[in-house]
Amino acid sequence: MLLSKYVSFEIKTRILLFLKAFKKEISFSFLEQNTNKKVFVFLAADYGNLGDVAITYAQTRFLKEVLNEYEVVDVPISKTLDGIYQIKKYISKDDIVTTVGGGNFGDLYEQIEFYRQLIVESFPNNKIISFPQTIDFSESKKGQKALRKAIKRYGKHKDLTFVAREKVSYALMKKLLKNNVILTPDIVMSLDKILPKEERNGVVLCLRKDNEKLLKENEQNKLLEIVKNNFEVSKEYDTHIGRNNLTLEERNEELNKIWRNFKEAELVITDRLHGMIFCYITNTPCLVFPNNNHKVKGSLEWIKDRSNIKLVEKFLEDEIENFISEKKFVLNNHKPVYESFEGLIKLLKS
C-alpha cells in the first residue's frame with residue numbers, strides 16, 4: 001500500500017523486474033532449448049482494445065510472412081517483465097525485438113511508454129523496431145519532461161528504428177529523435193478481410209467514450225437521430241470490449257466477430273481509427289469523424305482514394321443527413337496498400 005502510494009510507476013517496475021531473479025518463472029522457459037532464429041513481439045495486446053489486438057495480430061502475421069525463417073514469439077503486455085527477464089537469458093545477437101505499433105508513444109499512456117523504454121534498454125545488442133506508431137506528447141510540463149526522457153533513453157540504442165504511421169508523426173520523429181525513422185501505414189492496413197462476403201443490412205455505430213473523443217454530445221445525439229430516421233436496423237459495436245488477459249484464441253475470436261459485424265453493415269459510423277481501418281480491410285462503407293489528435297486524418301491519407309470512406313471534419317447536419325439518406329455507398333473501391341510497406345520489409349530483412 002505504502003509502496004504504491006509514494007513510489008513512481010517506473011521505480012516500482014524496476015523493483016519488480018529485479019525481484020524476478022528470486023522467482024521461478026515458466027512463461028518463456030520453452031526458449032531455453034530453442035535454437036531457431038526468433039523475432040519477439042513485445043507489448044502484444046491481450047486486453048480488450050480490439051484496435052490494439054488487431055495491430056498485434058497484423059504485426060505477427062506480417063513478421064511471419066516477411067521473416068519466414070524466424071520463429072515469431074508473442075510477449076503479451078501483461079507478461080512484459082517476465083518476458084524481459086527470461087528473454088534476456090536466451091536471446092541471441094541475431095534475434096530481432098519488435099514492439100507493437102499503435103498510438104501509445106506519448107504521455108497519455110505513460111505506463112506503456114515506460115515499458116517500451118525498458119524493453120529498448122534491456123536489449124542493447126539487438127535490432128529493435130517499434131512498429132507503426134503515432135507520436136503524441138502533450139505540451140504540458142509533464143508531457144515535455146516525458147518527451148525529453150524518451151529522447152534521451154532511446155538515443156542510447158545503436159540499432160533502434162521507429163516507424164511512423166502518418167506524415168505528422170514522421171516529421172515529429174525525424175525532428176526529435178536521434179534514431180532511424182521510416183514511414184509506413186498502420187500495420188492493420190496490411191490485412192485483407194473482405195472474404196467471405198456477407199449480406200449487408202443497416203448501420204453499425206462504433207463511437208468513442210474516452211479522452212480522445214472529439215464529437216460533442218449534441219452532435220452525437222443528432223447523428224443517432226439521423227440514423228434512426230433512415231435505417232430500420234442499427235447497432236453499437238465499440239472496438240473496446242472491456243476485458244483483459246485475453247488468450248490468443250479469444251483475441252482472434254473477438255477480431256473475427258467485429259470484422260463479421262462490419263461486413264454485415266451497409267455503413268459504419270465511427271470516430272475510432274481502427275473502426276475506420278476495419279472498414280478499409282473489410283471493404284465496408286464508412287463515415288468517419290476525427291478524434292482529438294492527428295491519427296485519424298493522417299492515416300486516412302494512405303487509403304482515401306482506395307476505399308469507401310468519407311471523412312467529416314466539420315459537423316454539418318444537412319451534409320451528413322444527405323450522405324446517409326441517399327445511401328450511395330460504394331462497395332468496389334478497395335485497393336491494397338501493401339507496396340507502402342516496402343521500407344519496413346527492407347528494414348526487417350537487412
Taking the six-membered ring where the residue is Trp, are the ring centres of Trp259 and Tyr57 under 6.0 Å apart?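 Centroid separation for Trp259 and Tyr57: below 6.0 Å.
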Taking the six-membered ring where the residue is Trp, are the ring centres of Phe42 and Phe123 under 6.0 Å apart?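 Ring-ring flag for Phe42/Phe123: true, centres closer than 6.0 Å.
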Is it true that [X] and [Y] have a side-chain N and a carboxylate O under 4.0 angstrom from each other?
X	Y	value
Glu32	Lys89	no
Asp82	Lys20	yes
Glu113	Arg116	yes
Glu313	Lys297	yes
Glu10	Lys149	yes
Lys222	Glu225	yes
Glu301	Lys304	yes
Glu319	Lys310	yes
Lys213	Asp271	yes
Arg243	Glu250	yes
Arg61	Glu65	yes
Arg272	Asp238	yes

Just do the side chain to side chain donor-acceptor pair (under 3.5 Å) check on Asp186 and His274 with the steps written out, would you? CA-CA 9 Å; Asp186 184 290; His274 284 97; 3.0 Å; yes
Verify side chain to side chain donor-acceptor pair (under 3.5 Å) between Asn34 and Tyr90, making sure each step is shown before the conclusion. CA-CA 9 Å; Asn34 191 325; Tyr90 308 128; over 6 Å; no
[X] versus [Y]: any side-chain heavy-atom pair under 4.5 Å?
X	Y	value
Leu17	Ile84	yes
Phe278	Val268	no
Met189	Ile303	yes

According to the interplanar angle, ranging from 0 to 90°, do the rings of Phe62 and Phe131 count as parallel (below 30°), tilted (30 to 60°) or perpendicular (above 60°)?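 Because their plane-to-plane angle is over 60°, the rings of Phe62 and Phe131 count as perpendicular.
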How are the rings of Phe18 and Phe22 set relative to one another: parallel (under 30°), tilted (30 to 60°) or perpendicular (over 60°)?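 Phe18 and Phe22: perpendicular rings.
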Starting from the C-alpha separation in whole Å, work towards a yes-or-no answer on ring-ring contact (aromatic ring centres under 6.0 Å, His included) for Phe105 and Phe162. CA-CA 10 Å; Phe105 187 11; Phe162 281 92; 5.0 Å; yes
Atom of Val312, atom of Pro290 and distance for their closest heavy-atom approach: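 Scanning both residues completely, I find the closest heavy atoms to be O-CD, 3.1 Å.
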Shortest non-hydrogen contact between Thr239 and Gly275, atoms and distance: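 Looks like CG2-N, 4.2 Å.
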Roughly how far apart are Ile129 CD1 and Leu63 CG, rounded to 0.5 Å?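 Going from CD1 on Ile129 over to CG on Leu63, the span is 8.0 Å.
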Nearest 0.5 Å please: distance from the CG atom of Leu246 over to the OH atom of Tyr47.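 If I round to the nearest 0.5 Å, the distance is 10.5 Å.
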Cation over ring face, Lys327 and Phe231, 6.0 Å, 45°: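 Positive - Lys327 is close enough to the ring of Phe231 and near enough to its axis.
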Using side chain to side chain donor-acceptor pair (under 3.5 Å), reason through Arg165 and Ser299 one step at a time and then give a plain yes or no. CA-CA 7 Å; Arg165 65 182 178 181; Ser299 294; 4.6 Å; no
Test your reading of the model: is there a side-chain donor-acceptor pair from Thr270 to the backbone of Cys206, 3.5 Å cut-off?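 Checking the backbone N and O of Cys206 against the side chain of Thr270, a donor-acceptor pair under 3.5 Å is found.
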If you measure only the distance, is there a donor-acceptor pair under 3.5 Å linking the side chains of Ser169 and Glu166?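 Looking only at side-chain atoms, Glu166 and Ser169 do form a donor-acceptor pair, the distance falling under 3.5 Å.
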